[in-house]
Amino acid sequence: MAQALAPVTALLVSIALLIAGHGLQSTLLPLAGAQADFSDVAIGLVSSSYFFGLVLGCLGAPYVIMRAGHIRAFAALVSLMSAAAILHPIFVDPVAWSVIRIISGFCLAGFYMIVESWLNEQASNENRGKIMSVYIVLLYAAMTVGQISITTMEITTFVPFAVASVAVSLAVIPVSLTTANQPAPITVVRLRPVKLYRNSPTALVAVLLIGVTQGGLWLMAPLYGIQIGLSNDNAAYFAAAVVAGGALAQWPIGRASDRVDRRLVLLFLAVCAVSVGFAFIMLNVEGVAMAFGLAFLVGVATQPAYAIAASHAFDHADPDDYVETSSGMNLAFGIGSSFGPLTASLLMENVGPWGLFLQVVVIQGVLAFYILSRVFQRAAISEEEKTDFDYAASAQLGNVLSPEPLDVEDPYVIPPEEFPAYELDTALEDGAVVEEYWPTSETDEDEPSEPEPQPQPASQ
């Protein structure tokens, strides 16, 4: 394992630093917004803006990478994200924070694309699964550390914003100093949502609805915590418990879906989510132990659902369409997530804190009924036809990229010769002499150039 991770150690360090800073911001902003007397809807708008930026990044960040290359794009995006983090305490306004979060979301989408393509480039067929599994575990661990690190700081001061900015800034250093070559051009596909829906209606609809649920839970859980009387520190632990529950449940639930119809697993998770949501609504949630326990359970019931839905989509996709399927699922999840915090905040402002879990009940209930209808309309595929559950390829954290070469004959794939950042690399690989970059030749080196004629003085 150590030998497999050695080539990507610098990249993993950068990932840990940036995601820790991102996790800190994700928990800090709802709490700081509440301290600044933002309304619930304003906090929801700020939170939704992050996911809106993530969607824009899924569409636009590939062109930044194509234009500048991985290393320069990485440095630019991470530096911009660091600058955005430090602007929050300078412009304490919901509209300003929304714009800043759009920028952060865009940068993070590009970050995920770069690091995942880099990891794929460094991995071999024998160790790719190990490397990507370590990557996913590191993401969840760094996110959780970032969330709970706020308990060591005073959120009414400049300090937590500065710490988040510094953590993100430090992420540039390991990659900037690496001696490893930048990866080959990223795989960019033109999405066809109609085709995605025809391949697997259940997967696409489920991912959209799961995005609404998870987007609301991820970013509005800290606000729920303080509204039911938890301290700021315990509200941060409450939000971390949701993520921890999902992280621990991903693998066993994913492996179970390899043995039965994945739609039934999604149905089971949706019913469990509705049940836990009702528990939040009907019970008078008091005390830290009760709040943390229910938060952990709602994480178990909701967080693994995306991976199951994505795996179901892969079951019905041709291998040549895996990259397009992965990109489409991530984009659909981002669209759903961009609505989640805003609609949850509207409910919380009108009915109280439990409005967050009213959204969970409604959305997951709709999902359960839809999946049930699809079970009777389409027969399940056999176990032999299924793709094995892939924790990395079905994680909603980024745009997982294919290690396979680009199919330049596919009209829905942008070939590498159209990537400005890689034109020189392509020419060198082909053995071409690029005169416009290095206008030298053996003749120039061996033969001295004739001196230019000197102007003659004018006759007297």
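It should be emphasised that the depicted structure is a prediction, and the values quoted were computed from it without experimental measurement.
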Asker: Can you measure from CE (Met348) to CD1 (Ile43) and round to the nearest 0.5 angstrom?
Answerer: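 Result: 8.5 Å between the selected atoms.
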Asker: Please check: side-chain N/O of Ser14 versus main-chain N/O of Ala171, any donor-acceptor pairing under 3.5 Å?
Answerer: yes
Asker: Using 0.5 Å steps for rounding, measure from the OG1 atom of Thr302 to the CG atom of Leu269.
Answerer: 9.0 Å
Asker: Is there a side-chain contact between Leu18 and Leu108 (heavy atoms, below 4.5 Å)?
Answerer: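 Contact flag for Leu18/Leu108 side chains = yes.
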Asker: Are the side chains of Phe74 and Val115 in contact, using a 4.5 Å heavy-atom criterion?
Answerer: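 Of all side-chain heavy-atom pairs linking Phe74 with Val115, at least one is under 4.5 Å.
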Asker: Side chains of Met81 and Phe106: does their closest heavy-atom pair fall under 4.5 Å?
Answerer: no
Asker: Does any non-hydrogen side-chain atom of Ser49 lie less than 4.5 Å from one of Ile102?
Answerer: yes
Asker: Is Thr343 reaching over with its side chain to a backbone N or O of Gly340, donor-acceptor style, under 3.5 angstrom?
Answerer: yes
Asker: Taking it one step at a time, do Val64 and Arg67 satisfy side chain to side chain contact (heavy atoms under 4.5 Å, CB included)?
Answerer: CA-CA 5 Å; Val64 176; Arg67 183 72 182 173; 5.8 Å; no
Asker: If you compare all heavy atoms of Asn232 against all heavy atoms of Leu31, which two are closest, and at what distance to 0.1 Å?
Answerer: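 Looking at all heavy atoms of both residues, the shortest contact is O-CD1, 3.9 Å.
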Asker: Looking only at side chains, do Asp40 and Gln227 share a donor and an acceptor under 3.5 Å apart?
Answerer: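 Result is yes, a qualifying pair exists.
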Asker: Between Ser257 and Arg262, do the side chains contain a donor N or O and an acceptor N or O under 3.5 Å apart?
Answerer: yes
Asker: Tell me whether Phe339 at atom CZ has more than 12 heavy atoms from other residues, nucleotides or ligands lying less than 6.0 Å away.
Answerer: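 Check fails, neighbour count at 12 or below.
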Asker: Please examine the side chains of Val265 and His312, heavy atoms only from C-beta on, and report whether any two atoms are closer than 4.5 Å.
Answerer: no
Asker: Is the backbone N or O of Leu24 less than 3.5 Å from a side-chain atom of Thr27, with the two atoms forming a donor-acceptor pair by type?
Answerer: no
Asker: Starting at CZ of Phe52, measure out to OG of Ser47 and round the result to the nearest 0.5 Å.
Answerer: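 The CZ atom of Phe52 sits 15.0 Å away from the OG atom of Ser47.
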Asker: Around atom CZ of Phe292, are there more than 12 heavy atoms from other residues, nucleotides or ligands closer than 6.0 Å?
Answerer: yes
Asker: What's the shortest heavy-atom distance between Val13 and Pro174, and which atoms?
Answerer: CG1-CG, 3.9 Å
Asker: Is a side-chain donor or acceptor of Ser345 paired with a backbone partner of Leu342 at a separation under 3.5 angstrom?
Answerer: yes
Asker: Answer yes or no: is there a donor N or O on one side and an acceptor on the other, between the side chain of Asn350 and the main chain of Leu346, under 3.5 Å?
Answerer: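 Answer holds: yes.
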Asker: Can you confirm whether Pro201 sits close enough to Arg374 that some side-chain heavy atom of one is under 4.5 Å from a side-chain heavy atom of the other?
Answerer: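 SC-SC contact between Pro201 and Arg374 confirmed.
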Asker: Quick check against the 3.5 Å criterion: does Arg72 have a side-chain atom that pairs as donor or acceptor with the backbone of Ala68?
Answerer: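 Looks like yes, one N/O pair under 3.5 Å.
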Asker: Quick check against the 3.5 Å criterion: does His88 have a side-chain atom that pairs as donor or acceptor with the backbone of Ala85?
Answerer: yes
Asker: Does any non-hydrogen side-chain atom of Val243 lie less than 4.5 Å from one of Gln147?
Answerer: yes
Asker: When you check the side-chain N and O atoms of Gln25 and Tyr50, is any donor under 3.5 Å from an acceptor?
Answerer: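 The answer is no; no qualifying pair exists.
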Asker: Passes side chain to side chain contact (heavy atoms under 4.5 Å, CB included), Leu204 versus Met329? Steps please.
Answerer: CA-CA 7 Å; Leu204 189 59; Met329 293 296 105; 3.8 Å; yes
Asker: Please round to the nearest 0.5 Å and tell me the distance separating atom CZ of Phe38 and atom CG of Leu223.
Answerer: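 Rounded to the nearest 0.5 Å, the CZ-CG separation comes to 12.0 Å.
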Asker: Could you check Phe111 against Ile15 for side chain to side chain contact (heavy atoms under 4.5 Å, CB included), going step by step and ending with a plain yes or no?
Answerer: CA-CA 9 Å; Phe111 167 82; Ile15 292 167; 3.9 Å; yes
Asker: Which heavy atom of Val298 sits nearest to which heavy atom of Phe280, and what is that distance?
Answerer: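 Heavy atoms only, the tightest pair is CB-CE1, 4.3 Å.
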Asker: Rounded to the nearest 0.5 Å, what separation is found between the NE2 atom of His22 and the CG atom of Leu139?
Answerer: 9.5 Å
Asker: Of the non-hydrogen atoms in Leu138 and Ala16, which two are nearest, and what is the gap between them?
Answerer: CD1-CB, 4.0 Å
Asker: For Leu267 and Tyr370: C-alpha separation, side-chain torsions, deciding distance, then whether side chain to side chain contact (heavy atoms under 4.5 Å, CB included) applies.
Answerer: CA-CA 9 Å; Leu267 178 61; Tyr370 180 79; over 6 Å; no
Asker: Could you grab the distance from atom CD of Gln377 to atom CG of Leu372, nearest 0.5 Å is fine?
Answerer: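 Gln377 CD to Leu372 CG: 10.5 Å, rounded to 0.5 Å.
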Asker: Determine whether the aromatic ring centres of residues Phe357 and Tyr224 are separated by less than 6.0 angstrom.
Answerer: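 For Tyr224 and Phe357, the ring centres are under 6.0 Å apart.
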Asker: Is there side-chain contact between Phe369 and Gln364, with heavy atoms separated by less than 4.5 Å?
Answerer: no
Asker: Can you name the nearest heavy-atom pair linking Leu266 to Ala206, along with the distance?
Answerer: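 Smallest interatomic distance, heavy atoms only, reads CD1-CB, 4.4 Å.
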Asker: Between Ser165 and Ser82, does any side-chain donor sit less than 3.5 Å from a side-chain acceptor?
Answerer: yes
Asker: Can you tell me if Phe158 has over 12 outside heavy atoms packed within less than 6.0 Å of its CZ?
Answerer: yes
Asker: Check Leu230, Thr151, Ile150 against Tyr237 for a side-chain contact (heavy atoms from CB on, under 4.5 Å) and give me the one that passes.
Answerer: Thr151
Asker: Has Thr213 got a side-chain atom pairing as donor or acceptor with Leu209's backbone, closer than 3.5 angstrom?
Answerer: yes
Asker: Whether the Gln359 and Trp354 side chains hold a donor-acceptor pair (N or O, under 3.5 Å, no angle test) is what I'd like checked.
Answerer: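 Their side chains do not contain a donor-acceptor pair, so the 3.5 Å distance test is not met.
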Asker: Write down the atom of Ala84, the atom of Ile103, and the distance for their closest heavy-atom approach.
Answerer: CB-CG2, 4.3 Å
Asker: Between the main-chain N or O of Gly211 and the side-chain N or O of Ser337, is there a donor-acceptor pair closer than 3.5 Å?
Answerer: yes
